[in-house]
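Below, each value reflects all heavy atoms present in this structure, side chains not excepted, and no hydrogens, waters or symmetry copies. It should be emphasised that the depicted structure is a prediction, and the values quoted were computed from it without experimental measurement. Residue numbers start at 1 and run along the sequence shown. In listed order, ligands and their atoms are each counted from 1.
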Amino acid sequence: MPIINLSQEEIPTHYYNIIPDLPKPLDPPLHPGTKKPIGPEDLSAIFPMELIKQEVSQERYIEIPEEVRKAYYLYRPSPLIRAAALEKELGTPAKIYYKYEGVSPVGSHKLNTALPQAYYNKLAGIKRLTTETGAGQWGSAMSFACQHFGLESMVYMVKSSYDHKPYRKIMMKLFGANVVASPSNLTKSGQKYQAEDTNHPGSLGIAISEAVEDAVSRKDTNYCLGSVLNHVLLHQTIIGQEAQKQMKIAGDYPDIVIACHGGGSNFGGLAFPFLKDKLDGTKPNLRAIAVEPASCPSLTKGKYEYDLGDTAGFTPLLKMHTLGHDYIPSPIHAGGLRYHGSSPIVSLLLDEKIIEARAYEQVEVFEAAVKFAKNQGIIPAPESSHAIKAAIDEALKCKETGEAKVILFNLSGHGHFDMSAYDDFMAGKIK
Ligand SMILES: *Cc1c(COP(=O)(O)O)cnc(C)c1O
């Protein structure tokens, strides 16, 4: 059974919240000025109350609103696929499965949270949402979700991507979004970075500052973030819950769960429902691996400490693995993995040694991506290819030991907008 599909009735009815199951409480976010723990009212300038409640909720299961479930019918459930051809190519006794989130209309898992975020803002009477985007994956998801629920959207896109990745920009505009290059001249923080360097390439941290500043300055406008925060990871658990049902149909349970890590949302989304079984003692030996690029190694090289989420200092301080809020990663192709920080929940799990993290160089990641594409026929997003590389490495270890382990990884998106990166790789231009 190489492809395992579920019916639409089997889309989960609730999100799984891992917070009550964590081995210890999360350290609270701190106010960037006073350094005191922030309350719900501090966040209400940019987030609707329902999302603020989810951010701190101790409820293990949170119901998915009917309108959001209906919106998920556009593309969910996503398939679980056995990578049989890849297994054969590797000559491994391991079984490799992947959950394919590239079937979403925007090509990645990001729509799973964009839809509920737009919905809860609409419900709160908000008319307009601002956000940042790097390579454009999150911006396209947000633009489509706003279009779906009748909201205006304003996207601050990191200038280097704005100039070099025109297709995602066109996609966002097609869905009705306003898209500007960041740093822009529309905000005080954008003007400041433009003044420093008229050709500033921008960064995610700067684009976040601009989007937050915009949202704070208008009553009809809120801000939304595509990763890192607890409520974003919460929404993504729809991935892992579906995968649990599908693995059951396959008659297997994973020994190893793998996902790439930028801010932690597709990793948390796939891994948390399985980690629940580890945390409650049912599956004590389950391993979960978060994979990041060696050029932006927040989990493997970052410090576990309080840091800002943006560059200008508008966001709360979060306790997380971080490279520092003014870190500007080298311009690697996996734009979606270029964030200086990480999810506070993923950071705590790593610090408690419940999960593992590992980093790979760009060339080995592209080699893995091409091997996967040649065997399975899907050209993966460069971000997702980090997970593929780890899955292949684990499968090759099984070849050495003769163990028939079950490996599950998240194929968080397709790479159809990343053809020039593949072109560069095939021409030997990627080092
Ligand atoms: C944005 C993105 C990522 C990284 O974000 P996470 O929050 O860590 O999941 C990974 N894969 C794809 C395809 C993306 O678009």
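The pair Lys245-Glu10 does not meet the salt-bridge criterion, since no charged nitrogen lies less than 4.0 angstrom from a carboxylate oxygen.
In this structure, a donor-acceptor pair under 3.5 Å is present between the side chains of Glu55 and His231. Judged purely by distance below 3.5 Å, without hydrogens or angles, the side chains of Gln137 and Arg168 pair a donor atom with an acceptor atom.
Tyr100 is listed as a side-chain neighbour of His414, based on a closest heavy-atom distance under 4.5 Å.
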Which atom pairs, nitrogen or oxygen on both sides, join ligand 1 and the protein at under 3.5 angstrom?
unit_1   : atom_1 : unit_2 : atom_2 : d
ligand 1 : 7 (O)  : Ser227 : OG     : 2.4
ligand 1 : 7 (O)  : Ser265 : N      : 3.0
ligand 1 : 7 (O)  : Ser265 : OG     : 2.7
ligand 1 : 8 (O)  : Gly262 : N      : 2.6
ligand 1 : 8 (O)  : Gly263 : N      : 2.9
ligand 1 : 8 (O)  : Gly264 : N      : 3.0
ligand 1 : 9 (O)  : His109 : NE2    : 3.1
ligand 1 : 9 (O)  : Ser265 : OG     : 3.2
ligand 1 : 9 (O)  : Asn266 : N      : 2.8
ligand 1 : 9 (O)  : Asn266 : ND2    : 2.8
ligand 1 : 11 (N) : Ser412 : OG     : 2.7
ligand 1 : 15 (O) : Lys110 : NZ     : 2.6

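Among pairs with a residue in residues 300-326, those fulfilling ring-ring contact (aromatic ring centres under 6.0 Å, His included) read Tyr304-His321, at least two apart in sequence or across chains.
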Should Tyr156 and Ser184 be marked as a side chain to side chain contact (heavy atoms under 4.5 Å, CB included) after you check the CA-CA gap, both sets of side-chain angles, and the distance that decides it?
-> CA-CA 8 Å; Tyr156 292 87; Ser184 75; 3.7 Å; yes
